[in-house]
Amino acid sequence: VVAQIVADALGLKPADVRVVTDIDTTKDAWSIASGNYSSRFAAATGGAVHLAAMRLRERLTKSAAAQLNVNVKDIEFVDGRVRARGNPDDAQALRETVFWTPPELTPPSEGDEINSSLCYGYIFDFCGVEVDRVTGAVKVDKYVTMHDCGRVLHPGMVAGQVTGGFAHALGAALYEEYAYGPDGSFLAGTFADYLVPTTMEVPAPLILHFETPSPFTLLGAKGVGEGNCMSTPVCVANAVADALGLDAIDLPLAPAKLAAFIHPKEGARPASVAAAPKGGRALHGEGTAKIAAPPERVWAMLLDIDTLAAIIPGAHGVAKVSDTHFRADVTLGIGPVKGRYKAEVKLSDLDPPKAVTLAGSATGALGFGRGEGRVTLAPAGEGTKLSYSYEAEIGGKVATVGGRLLDAAARIVIRQFFEALSRRAGGKRRGFFARLLRRGA
Amino acid sequence: MKPARFDYIRAASLAEAHAALAADGGDARIIAGGQTLVPMLSMRLARPEVLVDIMGIEKLGAITQEKNAIRVGAAVRQAELLAWPNLKALQPLAALALPWVGHAQTRSRGTVCGSVAHADPSAEIPLTLVALRGEIELSTARRRRRVPAEEFFTGLMSTARADDELIEAVLIPVRKAGEGHAFREFARRHGDFAIVACAAVAGKDNARLAVGGVADRPVARDFAALEGSALDDALDEFAWSLEARDDLHATAGYRRALVRQIGREVIEEARRCRA
């Protein structure tokens with residue numbers, strides 16, 4: 001736009017003008033008035049550039065008139081040249097610096113008060129939306145946005161600014177969210193979870209203009225940059241709230257959130273479906289295993305380093321720190337997601353041979369996990385009925401990028417641990433061939 | 001965002017691929033289209049020591065029609081299967097589901113078998129295979145076996161494939177006379193992981209519904225000729241049995257509601273499509 005303004009004034013092509021976009025921080029301290037951001041560019045910088053270009057034109061005209069020995073009014077700027085009308089000649093380069101400070105755009109007062117805008121653009125938006133009764137998904141059928149940004153300096157760039165602002169705003173209205181779990185872990189760490197609308201999600205808005213040139217700026221421009229970032233989320237939210245008969249609604253308008261207002265209340269869990277394992281982000285679980293060995297023997301195994309080395313899933317080596325404290329290097333993974341962790345296991349609340357509490361932690365490059373479980377042993381016929389319940393939490397990289405993996409991982413590891421214990425105690429001892437087949441399977 | 005160090009083997013023959021898997025087992029991964037594996041390598045969620053590239057094995061690039069199934073080799077890209085002229089006539093459900101796999105760009109690289117190997121619970125290709133009772137063909141240098149899709153997917157990103165086995169092909173059953181099909185899925189954006197995906201196959205006295213994105217694997221159930229409120233009750237029970245979980249994008253209750261409603265819609269649509 002700057003190049004265009006200068007080019008228009010001096011009879012150049014915009015490509016002939018090099019725009020230097022630097023800020024001299026040694027000269028200018030940053031303050032709210034120091035930059036031409038916040039949609040003030042067209043109004044402030046655009047005006048200053050226009051002024052500079054016109055002054056330059058004036059001086060070039062005088063200089064050229066003297067050199068060419070013609071009247072000032074016979075000088076013209078055409079095709080990158082300054083010339084006497086009807087008599088082509090070369091021009092010489094001149095440099096002009098202009099500061100323009102309109103009374104409305106002054107530095108902050110002693111009390112740090114400032115009118116941060118020279119002039120004010122206006123926006124008028126309306127839209128029609130549909131909300132899917134089944135999914136709660138919002139579809140914007142038609143979006144109309146009218147801007148009064150004063151004089152439109154460059155229609156293509158104004159359309160680009162409006163369209164870009166609208167796309168960002170639609171993201172804010174429908175998709176984008178910095179989401180955190182109850183434990184503070186960041187849940188939207190990748191673009192698979194932090195959803196940015198793509199071209200498939202952004203309808204083309206109908207852009208209209210109402211040009212009332214600003215009386216305060218030299219070119220009559222007011223700025224157009226961020227308008228829709230402010231108007232669109234409100235407009236879409238109002239339309240959706242109206243469709244659903246709601247007074248207020250929080251952004252983003254996620255389908256599951258809207259569906260809660262649409263769907264009838266869910267009935268109870270059918271009795272025919274087995275009780276659910278406790279869910280949630282903190283992992284809970286419980287289970288039982290039948291082991292064909294008496295409780296005393298199972299107890300001894302739980303405290304035995306060789307047994308632990310054999311049954312902790314993925315353990316490379318177990319070291320005994322004390323009778324009730326063990327360290328191990330373990331490799332854990334589901335599918336291709338494998339990580340190596342340093343694990344610690346501590347036993348407490350020992351009630352031999354009936355119950356023990358196992359507290360474990362694992363730390364590795366992919367994250368950390370902590371968990372605690374209570375194991376109880378009860379005689380059952382010849383053998384033992386082992387019951388366990390646990391609670392675990394997981395954080396770090398895995399929690400951030402692979403939330404969907406966590407539950408499954410914890411369940412697999414814990415199941416493997418007790419299966420291995422049960423097998424080693426003779427619960428489901430597999431024959432040599434059975435094991436071979438299983439390996440091959 | 002760079003992968004950890006790994007060795008790369010470009011297998012020239014099936015025997016070379018088998019040998020590499022036999023030698024490195026769990027530390028090796030097959031790379032075909034790389035549309036899922038490469039991002040996982042870059043985020044260092046996966047750190048295999050060896051990548052075995054099978055795209056140069058000509059034999060694996062074939063789509064062939066067997067007696068009752070379409071056999072899709074391990075190097076066949078999703079876009080190739082979608083463009084295969086016989087697909088729609090031989091198995092309409094596959095033709096309905098494939099356009100939902102990722103984006104046009106990822107389908108032009110990603111392979112059918114790669115999606116099966118990765119076993120994402122939201123993925124459309126595993127769901128389709130479970131709905132149709134397809135099979136997965138696994139091979140090593142010494143043996144070959146076919147595993148029903150319902151047994152192959154054992155959990156989140158977990159399958160019945162042994163470390164030394166290569167997924168050589170998948171078998172998509174050919175449409176039976178008088179069957180109707182329907183497929184629908186819901187995701188936040190075009191191409192995102194499905195929050196709920198439903199595939200239905202309806203025959204004369206049976207309707208089979210498979211659901212992805214809810215349980216830790218695609219799950220199918222047969223609903224016989226149930227209709228009306230009996231079908232609603234059965235769908236409710238099915239929805240609860242999937243043990244949906246809350247996540248950032250959807251609650252468990254929301255997923256169950258979608259299974260009940262979209263499930264019913266696709267069953268009815270599949271019945272209407274019987275011809």
Side-chain angles (χ1 to χ4, degrees), chain A residues 132-137 174-175 177 179 181 187-188 190 192-201 254-257 259-260 263-264 266-267 269-270 272-274 276-277 279-281 333-340 365-366 397-398 401-405 407-409 411-412 438-441, chain B residues 26-27 29 36-37 39-41 43-48 103 117-122 140 143 145 155-160 162-165 186 188-193 195-196 216 233 236-241 243-258 261-262 265:
Chain A
D132 189 306
R133 282 179 196 284
V134 174
T135 62
L174 301 179
Y175 301 105
E177 185 173 18
L187 304 179
T190 70
D193 285 319
Y194 185 86
L195 307 180
V196 176
T198 70
T199 186
M200 301 296 285
E201 283 77 45
K257 193 191 284 177
H263 289 168
E266 189 176 33
R269 186 184 182 90
S272 50
V273 179
R281 186 150 179 88
I334 0 172
V337 183
K338 281 208 180 84
R340 212 179 154 110
L366 288 180
K397 188 170 170 181
V398 165
V401 299
R404 298 185 308 148
L405 292 170
D407 266 19
R411 269 166 229 289
I412 289 169
R438 193 176 132 83
R439 279 181 54 126
Chain B
D27 294 325
R29 284 301 281 187
T36 305
L37 185 57
M40 292 184 83
L41 292 174
M43 287 194 277
R44 299 203 175 189
L45 284 170
R47 301 179 69 150
H103 305 264
H118 184 58
D120 188 291
S122 294
T140 67
R143 60 180 189 276
R145 62 181 181 132
L156 189 127
M157 294 185 194
S158 306
T159 69
D163 287 342
D164 61 347
E165 283 180 315
F186 180 68
R188 293 283 305 270
R189 296 175 308 176
H190 170 78
D192 276 345
F193 290 115
I195 289 174
V196 170
D216 62 355
D233 291 346
D236 184 47
E237 195 184 311
F238 181 44
W240 280 95
S241 74
E243 301 301 351
R245 300 198 158 264
D246 293 341
D247 69 16
L248 174 57
H249 302 297
T251 60
Y254 175 76
R255 287 192 156 92
R256 285 192 293 272
L258 260 52
Q261 301 193 50
I262 299 178
E265 285 172 20

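- Contact detail for B:A250 and A:A256: the closest heavy-atom pair is CA-CB, 3.9 Å.
- Remark: B:H249 NE2 to A:L195 CG distance equals 4.5 Å, nearest 0.5 Å.
- Nearest heavy atoms, A:H263 versus B:Y254: CE1-CD1, 4.2 Å.
- Residues passing the side chain to side chain donor-acceptor pair (under 3.5 Å) test with A:E201, sequence neighbours excluded: A:T198.
- Here the closest non-hydrogen pair linking B:W240 and A:P270 is CD1-CD, 3.2 Å.
- In this structure, the side chain of B:R189 does not engage the main chain of A:P197 through any donor-acceptor pair within 3.5 Å.
- By the 6.0 Å contact criterion, CZ on A:R133 is open, its count of non-hydrogen atoms from other residues, nucleotides or ligands being 12 or less.
- Taking all atoms of both residues into account, the shortest heavy-atom contact from B:L258 to A:T135 is CD1-CA, 4.1 Å.
- Among all heavy-atom pairs drawn from B:R188 and A:P255, the shortest one is NE-CD, 3.3 Å.
- Remark: B:E243 engages A:R269 in a salt bridge, criterion side-chain N to carboxylate O under 4.0 Å.
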